[in-house]
Amino acid sequence: MKRIWPLIAGVLVLLVGIGVWSARDTYATARMGTTYVAKQTCSCLFVAGRPLDSCSTDFDPEALQSLDVVAGNGAVTASALGGLISSRSRFEDGFGCHPVN
């Protein structure tokens, strides 16, 4: 019975390692997506002067279902996975919008 515990621990470590390895692509994709949405929405709001409802039509509706977009004080924050991954873009007069993290 004592010999089975190292085997179980080894299998668990292997499964966690596989999960972390495969999740890295998901994290990178979510990071790029939130940065893109934050920057584009910031430009739409503060450079083009469009309302937030109008800006959301620039994206695929299915893509926005998993994102939370918050605008205010010259900045836009887009977050995914319940706020676990988020990106912020800020408007600077004369320069436009740029990501800040």
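In what follows, every heavy atom counts, from backbone to side chain, and hydrogens, waters and symmetry copies are set aside. Only a predicted model underlies this, so the values are computations on that prediction, with no experimental measurement involved.
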Practice task
Look at atom CG of N73 and say whether more than 12 heavy atoms of other residues, nucleotides or ligands are closer to it than 6.0 Å.
Solution key: no
Problem - Closest non-hydrogen atom pair, K39 against C97 - result: CE-O, 3.6 Å
Handout entry: Shared hydrophobic cluster for F91 and Y36 (ILVMFWY, side-chain gaps under 4.5 Å)
Key = yes
Practice task
Give the minimum heavy-atom separation between R88 and T77, together with the two atoms involved.
Solution key: NH1-OG1, 3.0 Å
Problem - Over 12 foreign heavy atoms within 6.0 Å of CG, D25 - result: yes
Exercise for the section: May I ask whether V13 and W21 are part of the same hydrophobic cluster, defined by side-chain heavy atoms of I, L, V, M, F, W, Y residues being less than 4.5 angstrom apart, directly or through others? Expected result: no
Handout entry: T29 side chain vs T26 backbone, donor-acceptor pair below 3.5 Å
Key = no
Handout entry: V70-L64 co-clustered via ILVMFWY side chain contacts under 4.5 Å
Key = no
Problem - Minimum heavy-atom distance between V76 and A71, given as atom pair plus value - result: CG2-CB, 4.0 Å
Practice task
Verify, without hydrogens or angle tests, whether T57 (side chain) and S54 (backbone) share a donor-acceptor contact under 3.5 angstrom.
Solution key: yes
Practice task
Look only at the side chain of S79 and the backbone of I85, and say whether a donor-acceptor pair between them is shorter than 3.5 Å.
Solution key: no
Exercise for the section: Indicate yes or no: at least one non-hydrogen side-chain atom of D58 is less than 4.5 angstrom from one of C44. Expected result: yes
Problem - Joint cluster assignment, L52 & F59, ILVMFWY side-chain distance < 4.5 Å - result: yes
Exercise for the section: Report the C-alpha separation of V11 and I8 in whole Å, then their side-chain angles, then the decisive distance to 0.1 Å, and conclude whether the side-chain contact (heavy atoms from CB on, under 4.5 Å) test is met. Expected result: CA-CA 5 Å; V11 169; I8 291 172; 5.8 Å; no
Problem - Close side-chain approach of V100 to E92, heavy-atom, < 4.5 Å - result: no
Exercise for the section: For T41 and A38, indicate whether the former's side chain and the latter's backbone hold a donor-acceptor pair under 3.5 Å. Expected result: no
Problem - L7 reachable from L12 in the ILVMFWY side-chain graph, under 4.5 Å edges - result: no
Exercise for the section: Output yes when a side-chain donor or acceptor of R31 lies under 3.5 Å from a complementary backbone atom of S86, and no otherwise. Expected result: yes
